[in-house]
Each structure stands twice: as structure tokens, then as C-alpha cells.
Student: 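Sharing a structure here in C-alpha cells format.
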Amino acid sequence: MNAFDPVSQDLFTFGLWTVGNPGRDPFGEPVRPVQSPDRLVHKLAECGAYGVNLHDDDLVPFGSSASERDRIVASFKKALADTGMKVPMATTNLFSQPIFKDGAFSSNDPKVRAFALQKTMRAIDLGAELGATIYVFWGGREGTEADACRDPRTAIARMRDALDFLCGYVKEQGYGMRFALEAKPNEPRGDLYLPTTGHMLHFISTLRNHEMVGVNPEVAHETMAGLSFVHNVAQAMERDKLFHIDLNGQKIGRYDQDLRFGSEDQKGAILLIRLLEGTMGGKRYEGPRHFDAHAYRTEDEAGVWDFAKGCMRTYKILHARAKAFDSDPEVMALITEMRDAQIDPLLHGGYSKQKAQALKGLSIDAAQVAKRGLRYERLDQLLVEHLLGVRS
Ligand code: GCO
Ligand code: MN
Ligand code: MN
């Protein structure tokens with residue numbers, strides 16, 4: 001066993017839809033056979049994962065009878081018990097079925113909105129039965145191409161109605177679940193409502209039960225929007241709103257690639273891990289490290305497990321590199337917080353008349369302050385050298 005081989009305590013999770021992805025894309029047919037959920041659980045456990053997440057339809061095919069559902073769920077529970085695998089997160093598929101072609105919660109048709117609520121309540125029940133404590137909402141089809149079809153304010157208000165209702169449902173059932181909202185700027189719709197984590201954070205603050213709702217940011221999605229993923233995650237963490245995370249890899253300016261974690265933008269990935277693991281200081285993220293990615297379409301089944309192990313190993317390797325970076329004395333000296341006993345107290349704790357007077361009275365030599373070189377070239381080079389493994 002190698003130090004970077006994953007173990008259950010690392011809290012790595014995969015969606016059934018990720019390692020179960022048969023490689024279908026808009027231009028081509030599947031390239032791999034579909035694996036049963038039970039087999040995926042066994043294989044993930046062998047790879048060292050902690051758990052598995054699912055959409056309702058990943059486990060119980062859409063349209064199954066009640067008895068089929070119970071048989072499938074019982075067999076899946078046995079696979080979980082046999083392997084010790086957990087289901088920390090569950091979600092609803094509100095995008096595959098034709099009824100959701102123009103959205104689910106935001107649809108103009110009340111029947112579609114009711115169907116979406118019905119399907120989500122049942123999927124929440126399934127998640128609760130499997131022990132999930134996080135419930136993700138990704139509005140796959142909540143968007144438009146023909147924007148004149150509805151007032152976007154109405155779409156947002158409908159999504160609020162749905163979430164207010166479902167929070168109430170979870171509370172009444174006593175499930176103790178928390179919701180995590182996942183943003184994406186586009187794909188499969190031309191434009192999706194609430195396109196980034198920042199939009200979600202504001203939307204959450206308008207919900208009746210905002211304390212039980214946080215975010216599930218995804219590397220690929222913020223990168224598609226051209227944003228810094230680490231800044232988005234940090235904004236959520238700063239308010240204890242990072243309830244879940246979707247890790248993967250993505251090139252900027254592309255479709256949603258969902259590549260193996262760390263296969264692109266390794267610098268972004270190490271900065272993210274410094275934040276999540278707290279190697280840079282501050283509170284650590286304690287939730288599951290979930291990979292929402294899939295193997296290249298070139299792969300057979302063996303390649304899928306290479307992919308899964310790769311995601312987890314890269315995470316652990318980058319974690320080790322992040323620790324080394326943050327305990328490097330030269331790095332620590334470069335990023336030591338500057339202190340000023342006279343000024344610091346004036347900058348915290350909000351407004352007071354005295355502070356305003358004191359601030360106005362300070363004499364600061366702007367030209368002198370501006371002269372100082374900040375040595376960020378050296379700092380960033382150190383980060384690159386740690387990343388490349390030439391400094392330990
Ligand atoms: C995507 C999304 C999905 C969601 C998943 C769980 O772009 O396809 O990232 O993979 O994360 O549906 O909500
Ligand atoms: Mn995702
Ligand atoms: Mn995605």
C-alpha cells in the first residue's frame with residue numbers, strides 16, 4: 001500500500017452516474033457496458049472509496065413498480081452493508097425525462113412543477129432510507145433558449161417556492177437533511193437560472209429555511225463561467241455554506257468536460273486543497289470529497305477504475321504538496337500577516353465615531369507604502385516548485 005492510496009477515512013465519494021457512465025455523448029453511442037449499481041458499490045469499495053451518491057433514477061429506473069423499487073433498494077442496501085460503503089448524498093434527476101424538457105421547478109406548466117415536487121419528495125424519501133444527510137439540487141433544465149417564454153423573475157420565484165416547500169417537507173419528516181444547491185452557467189440549456197455559486201448564495205439568503213440550505217460548487221461549472229473556483233468555494237466557506245463539493249477537471253471555454261480531478265489546472269487544484277484541508281489555516285471542510293467526473297470515452301471498464309483511483313490519488317498527492325508548501329519557512333515568512341498595533345483595532349468591529357476620527361487623523365505616507373515590492377513572484381514560484389515536487 002502506497003501513502004497516496006485512498007482509504008475510507010479520506011471520505012472520497014463518487015456518483016453512481018460517474019463511474020457508471022457508459023461513455024455516451026451528443027455525437028456517439030455508449031462505448032462501455034452499463035454496470036449494475038451493486039457492482040459499482042463493490043468496485044468503489046475495492047478502490048478505497050468511502051461512499052457512493054445517487055440520483056433516484058440511477059438506482060431505481062424511472063417508471064419502476066413499487067415492488068421492483070423495493071427489490072432493487074433491498075439488494076443495494078445489502079451491497080452497502082457487505083462493503084461498509086455509505087450514501088452521504090442523494091439527489092433527483094429532474095432533467096432526463098421528456099416532461100422536463102423546459103425545466104422542472106421553473107416550468108410554465110403547473111403539472112410539470114407538481115410532477116417535479118412529487119418526484120423529489122419520493123427521491124428524498126429514498127435518500128433518507130439510504131442514510132443520506134445531504135440532498136443536492138442541480139437544476140439541469142432550469143433555463144431557456146427562447147428567453148421571452150417567461151419572466152426570469154418568475155422562474156426564480158418558482159424555484160424559491162419549490163425549495164421552501166421541500167425544506168418544509170424534510171423538516172416535517174424529521175429527516176435531518178440539509179440541502180446543497182449546485183450552480184452551472186449553461187448546458188444542457190442555453191442559459192441556466194442562478195448560474196454561479198455566488199448567485200446561489202444570494203438566492204439561499206431569500207429562503208424561509210435558509211439555515212438548512214448551502215451550496216455544492218463544481219470545479220467544471222465555475223471554470224465554464226470563467227471564474228476562480230477557489231474564490232467561489234471560499235465565499236461559501238466563509239459563511240459555513242459549503243455543504244458539499246463536486247470535484248473534477250475542466251478546461252476553460254469548453255463544454256462541461258467533467259474530467260478526472262487534477263487532470264487540468266493543477267495550480268487551481270492545489271489552491272483548492274489548501275482551503276478545503278485547512279493547510280493554509282482556517283476551518284477545514286469536513287464533508288465528503290465527492291468526484292463528479294467520468295472516464296474518457298476511450299476507456300473500457302479497467303480504464304474507469306484507473307480514472308477513479310486517479311481522482312483520489314491526485315487529491316492525496318496534492319494534499320501532501322499543500323502541507324509541504326504551507327509549512328515551508330520561506331513561504332510562511334512571505335505570507336505572514338502584517339500587523340500594526342495602532343491601526344489594526346480601527347479596522348474591525350464596525351463603525352464608531354471615535355474610529356472615524358482616529359482614521360481621519362492618521363498620517364499615512366502613501367508613496368512610501370506603495371514603494372514596497374510584495375515578492376509575489378517568489379511566492380508563486382515556490383508554489384510552482386512545490387507543485388512540481390522539487391521542494392519538500
Ligand atoms: C452536470 C452536473 C450533474 C450534477 C448531478 C447531481 O453538469 O451534469 O454536474 O452531474 O452534479 O446531477 O446533482
Ligand atoms: Mn455536478
Ligand atoms: Mn458537471
Side-chain angles (χ1 to χ4, degrees), residues 15-18 20-21 24 26 37 53-64 69 87 89-130 132 134-145 149-150 152 154-170 175 177-197 199-200 203-204 207 213-218 220-221 243-244 246 256 258 290 292:
L16 281 181
W17 71 94
T18 63
N21 183 308
R24 182 187 294 108
N53 303 316
L54 47 96
H55 300 89
D56 47 354
D57 300 349
D58 298 339
L59 180 61
V60 184
F62 184 78
S64 299
R69 178 215 184 264
V87 178
M89 176 275 258
T91 181
T92 329
N93 181 325
L94 295 174
F95 43 90
S96 293
Q97 291 302 315
I99 184 171
F100 300 126
K101 65 188 176 194
D102 191 28
F105 300 143
S106 64
S107 166
N108 286 347
D109 185 341
K111 282 204 179 66
V112 175
R113 302 206 295 276
F115 189 78
L117 285 177
Q118 200 180 64
K119 193 172 192 289
T120 305
M121 283 189 285
R122 289 187 186 133
I124 287 176
D125 296 341
L126 172 66
E129 186 177 344
L130 297 171
I134 299 288
Y135 203 85
V136 163
F137 287 84
W138 173 60
R141 301 269 174 199
E142 313 285 14
T144 60
E145 294 77 31
C149 74
R150 76 179 67 80
T154 305
I156 293 166
R158 286 179 186 156
M159 287 168 61
R160 180 179 303 110
D161 279 341
L163 282 156
D164 281 342
F165 177 86
L166 292 165
C167 283
Y169 179 71
V170 161
Y175 286 154
M177 262 176 192
R178 297 190 304 164
F179 289 173
L181 310 188
E182 177 177 347
K184 187 173 179 179
N186 58 274
E187 199 194 304
R189 302 308 298 274
D191 286 289
L192 291 168
Y193 301 119
L194 303 171
T196 71
T197 295
H199 292 84
M200 284 299 182
F203 174 70
I204 290 167
L207 297 176
V213 187
V215 290
N216 178 40
E218 173 170 318
H221 299 178
F243 287 8
H244 198 260
D246 277 6
D256 187 24
D258 291 341
H290 170 65
D292 185 11

Student: What residues, two or more places apart in sequence or in another chain, satisfy side-chain hydrogen bond (donor to acceptor under 3.5 Å, both in side chains) together with T92?
Tutor: Y135
Student: Could you tell me which residues satisfy side-chain hydrogen bond (donor to acceptor under 3.5 Å, both in side chains) with Q118, sequence neighbours excluded, listed by chain and number?
Tutor: none
Student: The criterion is side-chain hydrogen bond (donor to acceptor under 3.5 Å, both in side chains); which residues satisfy it with D125, sequence neighbours excluded?
Tutor: Y169, Y175
Student: If every non-hydrogen atom of V213 is compared with every non-hydrogen atom of I204, which pair is closest and at what distance?
Tutor: O-CG2, 3.3 Å
Student: Can you name the residues that form a ring pair (Phe, Tyr, Trp, His ring centres under 6.0 Å) with F179, not counting sequence neighbours?
Tutor: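 Checked F179 against ring pair (Phe, Tyr, Trp, His ring centres under 6.0 Å); matches are F137.
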Student: Does a salt bridge link R189 with E142, judged by any charged N lying under 4.0 Å from a carboxylate O?
Tutor: no
Student: Restricting to non-hydrogen atoms, name the atom on N53 and the atom on M89 that form the minimum distance, rounded to 0.1 Å.
Tutor: OD1-N, 3.0 Å
Student: Can a donor-acceptor pair be found, under 3.5 Å and without considering hydrogens, that links the side chain of R158 to the backbone of S107?
Tutor: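 Indeed, once roles are kept as given, a pair shorter than 3.5 Å links the two residues.
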Student: Where is the tightest heavy-atom contact between A104 and A116, given as atom of each residue plus distance?
Tutor: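 Looks like CB-CB, 3.7 Å.
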Student: Specify the closest pair of heavy atoms between L54 and L130, including all atoms of both residues, with the distance to one decimal.
Tutor: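 Shortest heavy-atom contact: CD2-CD1, 4.0 Å.
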Student: Measuring from F115:CZ to L94:CG, what's the distance to the nearest 0.5 Å?
Tutor: 9.5 Å
Student: Does the pair D56/R122 count as a salt bridge with the N-to-O cut at 4.0 Å?
Tutor: no
Student: Are K119 and D57 close enough for a salt bridge, meaning some N to O gap below 4.0 Å?
Tutor: yes
Student: Testing the basics here: between M200 and A183, what is the closest heavy-atom pair and its distance to 0.1 Å?
Tutor: CG-CB, 3.8 Å
Student: Using a 3.5 Å distance criterion without hydrogens, assess whether the side chain of D164 forms a donor-acceptor pair with backbone atoms of L207.
Tutor: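 Side chain of D164 to backbone of L207: no pair is present.
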Student: If the condition is ring pair (Phe, Tyr, Trp, His ring centres under 6.0 Å), which residues does F95 pass it with, not counting sequence neighbours?
Tutor: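 Only H55, W138 meet the ring pair (Phe, Tyr, Trp, His ring centres under 6.0 Å) criterion with F95.
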Student: Check the pair W17, D292 against side chain to side chain donor-acceptor pair (under 3.5 Å), reporting the backbone distance first and the verdict last.
Tutor: CA-CA 8 Å; W17 71 94; D292 185 11; 2.8 Å; yes
Student: Which pair of non-hydrogen atoms, one from L166 and one from F105, has the smallest distance, and what is that distance?
Tutor: CD1-CZ, 3.8 Å
Student: Could you walk me through whether N93 and D58 pass the side chain to side chain donor-acceptor pair (under 3.5 Å) test, one step at a time?
Tutor: CA-CA 8 Å; N93 181 325; D58 298 339; 5.4 Å; no
Student: Do any N or O atoms from the side chain of E187 and from the backbone of D256 form a donor-acceptor pair under 3.5 angstrom?
Tutor: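 Yes, E187 side chain to D256 backbone: donor-acceptor pair under 3.5 Å.
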Student: How would you list, by chain and number, every residue that makes a side-chain hydrogen bond (donor to acceptor under 3.5 Å, both in side chains) with R69, sequence neighbours excluded?
Tutor: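 By the side-chain hydrogen bond (donor to acceptor under 3.5 Å, both in side chains) rule, R69 matches E129.
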Student: What verdict does the salt bridge (Lys or Arg N to Asp or Glu O under 4.0 Å) test give for R113 and D161, after you've listed the backbone C-alpha separation in whole Å, the side-chain angles of each residue and the deciding distance to 0.1 Å?
Tutor: CA-CA 10 Å; R113 302 206 295 276; D161 279 341; over 6 Å; no
Student: Classify the ring geometry between H244 and H290 as parallel (under 30°), tilted (30 to 60°) or perpendicular (over 60°).
Tutor: tilted
